[in-house]
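Worksheet: one structure, shown below.
Values below: every heavy atom of this structure, side chains too, minus hydrogens, waters and symmetry copies.
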Amino acid sequence: MAGTVYLVMALRLPTFTQAAVQPHLDFLDALRERGRLQLTGGFTDGSGGAYVLCNVDSLAQAQAIVATDPLVTMQASQLTVHEWRTR
């Protein structure tokens, strides 16, 4: 599927806590139910993970969504959002 999506990279901070994992997974499930999550997964080295947002109108909207991720609100990981034109 070609088009613009938003790649979210999550890297664990020294303050990472396992307590953030289930709320984060619930957050991702809610995004999937709303048709906004294309792909997600963790890095095999345990340093973090990534997810791809779709059906989002702009980088600003993607950043606003990511700002509500429990990994951010619980200060467990640093998340960056990249606009990604796929082909």
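Cluster annotation: F16 and L25 are assigned to the same hydrophobic cluster (Ile/Leu/Val/Met/Phe/Trp/Tyr, side-chain heavy-atom contacts under 4.5 Å, transitive). Under a hydrophobic clustering in which Ile, Leu, Val, Met, Phe, Trp and Tyr are joined whenever their side-chain heavy atoms come within less than 4.5 Å, directly or via other members, V21 and V8 fall into the same cluster. V52 and L31 are members of different hydrophobic clusters when ILVMFWY side chains are connected at heavy-atom separations under 4.5 Å. The hydrophobic cluster containing V81 does not contain L7, counting ILVMFWY residues as joined when their side-chain heavy atoms lie under 4.5 angstrom apart, directly or transitively. Residues F43 and L79 do not share a hydrophobic cluster, clusters being chains of Ile/Leu/Val/Met/Phe/Trp/Tyr side chains in contact below 4.5 Å.
Within the model, atoms CG of L53 and CG of L28 stand 9.0 Å from one another, a figure rounded to the nearest 0.5 Å. In this structure, the separation between OG on S77 and CE on M9 is 12.0 Å, given to the nearest 0.5 Å.
Residue Q61 places its CD atom among more than 12 non-hydrogen atoms of other residues, nucleotides or ligands, all under 6.0 Å distant. Heavy-atom contacts from other residues, nucleotides or ligands closer than 6.0 Å to CZ of R34 number more than 12.
Residues that satisfy the side chain to side chain donor-acceptor pair (under 3.5 Å) test with D57, not counting sequence neighbours, are absent from this structure. Q22 meets the side chain to side chain donor-acceptor pair (under 3.5 Å) test with D26; sequence neighbours excluded. In this structure, the side chain to side chain donor-acceptor pair (under 3.5 Å) partners of E83, at least two apart in sequence or on a different chain, are Y6. T73 is linked by a side chain to side chain donor-acceptor pair (under 3.5 Å) to nothing, counting only residues two or more places apart in sequence or in another chain.
Counting side-chain heavy-atom gaps under 4.5 Å among Ile, Leu, Val, Met, Phe, Trp and Tyr, L13 is found in no cluster with other residues.
Among residues at least two apart or in separate chains, there is no side chain to side chain donor-acceptor pair (under 3.5 Å) pair with a member in residues 9-21.
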Please output the side-chain donor-acceptor pairs of residues 64-72 that fall under 3.5 Å, not counting sequence neighbours, one pair per line with the distance.
{"residue": "T68", "atom": "OG1", "partner": "I65", "partner atom": "O", "Å": "2.6"}
{"residue": "D69", "atom": "OD1", "partner": "H24", "partner atom": "ND1", "Å": "2.9"}
{"residue": "D69", "atom": "OD1", "partner": "L71", "partner atom": "N", "Å": "2.8"}
{"residue": "D69", "atom": "OD2", "partner": "H24", "partner atom": "ND1", "Å": "3.2"}
{"residue": "D69", "atom": "OD2", "partner": "Y51", "partner atom": "OH", "Å": "2.8"}

- Check step by step if side-chain contact (heavy atoms from CB on, under 4.5 Å) holds for L37 and F27. CA-CA 10 Å; L37 182 65; F27 169 81; over 6 Å; no
